[in-house]
Amino acid sequence: MKYNFKKIEKKWKLKHKKINFFKINKKSKKKFYILNMIPYPSGYGLHVGHSIGYIFSDIIAKYKLRCGYKILNPIGFDSFGLPAEQFAIKTGKHPEIIIKKSIKNYIKQIKNLGIFLDLKNIINTCNSNYYKWTQYIFIKLFNSWYDNKNKKAKNIKILIKKLKKEKKWEKYNNKKKNKILNKYRLVFLKKSFVNWCPYLKTVLSNDEIYNNKSIRGGYKIIKKKMLQWHIRITKYLDRLLNDIKYLKWSKNIINSQKKWIGKKKVFLIKIKSNVGYIKLYIKKKKKNIKNIIIMAPSYNINFFLKNIKKKYKNEFIKKINKLYNNEEIKILIKTNLLNNKNKKINIYISNYFKNKYIKGVYILKKKNNNFLNKKNNLIYFLNKHFNIKKIKILKKIKKKIIFNLNDIVFSRQRYWGEPIPIYYKYNIPFNIKKKYLPLKLPNINNKILKLKNINKWAWDIKKNKIINKSKNSYLLDINTMPSFAGSNWYYLRFIDNKNKKKIISNKKEKFWKTVDLYIGGSEHINGHLLYSRFCYKFLKDIKIVNFKEPFKKFINQGLILYYSFSIFRLYKYKKFISYDLIKNYKKNNLIKIYIKNEFIINKNELNIKLFIKKNNEYKKFFFKKKKEFLCLMKIEKMSKSKLNIINPNSIIKKYGIDVFRLYQMFIGPFNKKKIWNIEKIKGIYKFINKIWNYFNNLNIINKKLNYKENILINNFIYKINNNLKFFNLNVSISNFMKFFNKIKKKKKIKIKILKIFLILFSSFSPYISEELWFLIKNKKSIFFEKIPKINKEFINLKIKYLLMFNNKLKNVFYIKKEKNKKKYIINKYLKKINKKKIKKIIFKKNKILNILF
RNA sequence: GCCUAGAUGGUGAAAUAGGUAAACACGCAGGACUUAAAAUCCUGUAAUUCAAUUAAUGAAUUUUGCGGGUUCGAUUCCCGCUCUAGGCACCA
């Protein structure tokens, strides 16, 4: 008889609806807060990279629940951000409608993964009840400064009091006062670069750009400086670094964070020339610089601009802009400086460092000569037009500590994000008071989604309301927050989601404390985790939370990779170039565009007809090819932006939820990347069917376990527990199979063995376990059952030893626990051997006896 | 370019603190059942060589991306490479 998963899963889904699993251990003092990073709800739906995380955390939660913990395992959606806005522009629908639809679909899909879901505790970052508090945190940052002495954020009022003691302060006008305060505020205004598309007249994200051109349309991009909100995370870097010691994270993630913060002790050297200063950071205290100096294009180029004629100035800036995002190495400037021994030092500005945020300057070592070998690319430009000859290295060499991480840009020139709760009065920023939050994002029907375009976007300071722009009204900030604003702190809100007065109540925080196990993709290791830790530390300073770190333990979910396909468009032309022909074109003139794999035939050939049919905008394009039009095929992370998503729905339809859950855990270790492949699911499908058939043809005995059975079952529990402890779920599934292979031969079986098997198995495959649980005459859901305890008497009774001669295995022997002593074992086995010949005896407890001749 | 990981049979993978490499599966091959197929069950399955062949089997060597090192012993530790993936600040 085949296992009819459709019928059984439907039945148990309904029954489970009536049980609130999160209240099972309501009175327990032990708690377990497990959390997945919340996803972005894209229109493509949940993919197998998401579901693997949900299933994983659900298995752990179901296990912990029956160990007696009170469980919190919520879900949420990080729903502000670019893709919805892009989709809105394309289709004319409002992003909110798109997001709502997506979320509905996501929840439907998550429900279909067999997980315990608390529908009352869901976070949606674009909900004004939620982003009210995101705005509140922004205001708190705005009204705080960092007291370096106490190493703590404090209210700006305290700073003003201090400043008032200085006589000058009162004399300053408001503008000047604001300028000074801006230097202290934890969120502050500063100019920084954005990707500006002159043709589209918008700022574009890095994702929308390839080779310095916009992917959509293929227009040029330039770097443009704009006034932006920044978060002064640099004040917290020392604390973020020091507190790493409290984290139970894996070494590589901790290392990655450390490097990303990038604390370095360096020496500061200033070089003075006839045109200005260059600052150099070097590792060793040296007065002579022999090597070549390379500067990142982001370095303060004003140094060069001072003595340059206007005519060339513009050209210079253009060339600097070009250097950003260029993939090829290009060198812009070569000047001839002399060090104090009158030897030449060359200075280059180069995109040799793709990381444009590299601090200042790099001194080239001889090793990295390939930089200079690319002489073909040198553009000698500036040295033609001005002379820098006299230079001097100033004598003072200062020790300094620098960090890799800079203050974070916190504003976006977009519509679909949290509005920044700031209005401007005579160009001075003021925050909207807490009472009047949320500052709601206005509705727009226009296709160009920008707060700038909205007429009703000014603040009435008397009525505290949004009003129409006019001469007398105060304009609201036209930027929105970046998408990580809302995801910085959601882990707190889940604890107390419905609280209208506070972010989180003291009482609830005291119980749930912080996240016990946080799960997320490795791509978030640097960004999200660091920003969240920063946010938590700030909230601690202002006494909203009370612990040191937000995530006690973090495990990173290995990325799911899959085949992605892309085609290349020739810049300025309505032309696509087949992948085998792109060698003939300059790299910089090509724009890479991802396409869905439904247009692919024969490995990596494009079905042009179908592609044009479904993508109207490319109707008039020419496809240059030899025989077939080929695409670039790569294996990359599964993501909506790469259009290589696999949706679990069809798999679940074919094999059922239980099989899918088991399969996703079986395909490999959770924290390692894996290429998606569905072939192996048959093995799991067989396994589930075998279990079903076995339970349906049984003679069950109601007797106590004998000695052998006790050993078997206790070791089994031990193994499963151990695997769960170290999160090796793929191995625990193997152990289920092994155990089942052992018991399936018996036609008469004791009920206790079956019960234990099902209780442990139900965390992985809940529905079949419930059905079989009732089949063997239980009357209450299996999830009310406690995880069986191990009887240590039956574990590791005999210890396995390897007997080796000259490192070659001769025999395997077992020693009883009581006799597991070096002397006893050596004596026992040396009797058999001629002792004169022995060179060395190597004995390792619980492992090996190796005799060398 | 910089940073962080990874690489084990035909495939997914396992191997606790350096101690039997390849557990558990998929696939494949052969067999049983069946008119047939599916399903199920059984057997074999890292490679090479040798011995043996009615059958069962036995023995040796090599093997964890490549090249070194430490060690009685390395998939595991160290050094140097290669390739792949992720991150590099406006994808989330």
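Proteins come first, then strands; the chains are lettered A, B, ... in the order of their sequence lines, and each starts at number 1. Remember, predicted model here, so these are calculated numbers, not experimental data.
Here N741(A) reaches the OP1 or OP2 of A25(B): one of its side-chain N or O atoms lies under 4.0 Å away. In terms of phosphate contacts, K686(A) brings a side-chain nitrogen or oxygen within less than 4.0 Å of OP1 or OP2 of C26(B). For the OP1/OP2 pair of C26(B) and a distance below 4.0 Å, the side-chain nitrogens and oxygens of K682(A) include no atom meeting the criterion.
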Q: Kindly indicate, with the supporting measurements, whether the criterion ring pair (Phe, Tyr, Trp, His ring centres under 6.0 Å) is fulfilled by F764(A) and F56(A).
A: CA-CA 9 Å; F764(A) 292 79; F56(A) 177 86; 9.8 Å; no
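The side-chain heavy atoms of Y54(A) and N36(A), taken from C-beta on, include a pair separated by under 4.5 Å.
For S734(A) and V194(A), each mapped to the nucleotide of RNA chain B holding its nearest heavy atom, the one lying further toward the 5' end belongs to S734(A). The 5' end of RNA chain B is approached more closely, in terms of each residue's nearest nucleotide, by K259(A) than by the other of N723(A) and K259(A).
Regarding the sugar-base torsion, A17(B) falls in the syn class, its angle being within 90° of 0. Base orientation of G80(B): anti, since the glycosidic angle falls outside 90° of 0.
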Q: Go ahead and write out RNA chain B as dot-bracket, 5' to 3': ( ) for pairs within the strand, [ ] for ones crossing earlier pairs, | when the partner sits on another strand, dots for unpaired; Watson-Crick or G-U wobble, both distances under 3.5 Å.
A: (((((((..(((......[....)))((((((.......))))))((((((.....))))))..(((((..]....))))))))))))....
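Counting distance only, with no hydrogens placed and no angle test, the side-chain atoms of Q413(A) and the base atoms of C90(B) include a donor-acceptor pair under 3.5 Å. For C72(B), its base sits under 3.5 Å from the side chain of N850(A) at one donor and acceptor pair at least. Between the side chain of N730(A) and the base of G12(B) there is no donor-acceptor pair of N/O atoms closer than 3.5 Å.
In summary, E208(A) and R414(A) engage in a salt bridge, as defined by a charged side-chain N under 4.0 Å from a carboxylate O.
In the displayed structure, F87(A) atom CZ is contacted under 6.0 Å by at most 12 heavy atoms of other residues, nucleotides or ligands.
Comparing C26(B), G19(B), C90(B) by their nearest atom to the side chain of N807(A) picks out G19(B). Checked against C90(B), A25(B), C72(B), the side chain of K680(A) finds its nearest nucleotide in A25(B). For K637(A), whose side chain is taken as the heavy atoms from C-beta onward, the closest listed nucleotide among C91(B), G6(B), A25(B) is C91(B). Distance from the side chain of S205(A) is smallest to C90(B) among C90(B), A23(B), A92(B).
Considering all non-hydrogen atoms of both residues, L46(A) and Y106(A) come closest at N-CE1, 3.6 Å.
Among the candidates Y594(A), Y562(A), Y563(A), the single residue satisfying the side-chain hydrogen bond (donor to acceptor under 3.5 Å, both in side chains) test with E636(A) is Y594(A).
Taking atom C1' on both G58(B) and C72(B), the two are 29 Å apart, rounded to the nearest angstrom.
Distance N735(A) CG to U16(B) P: 13 Å, rounded to the nearest Å. One interatomic measurement links the two molecules: NZ of K847(A) to P of A15(B), which rounds to 14 Å at whole-angstrom precision.
Taking OH of Y219(A) as the reference point, atom CG of L200(A) lies at 6.0 Å (rounded to 0.5 Å).
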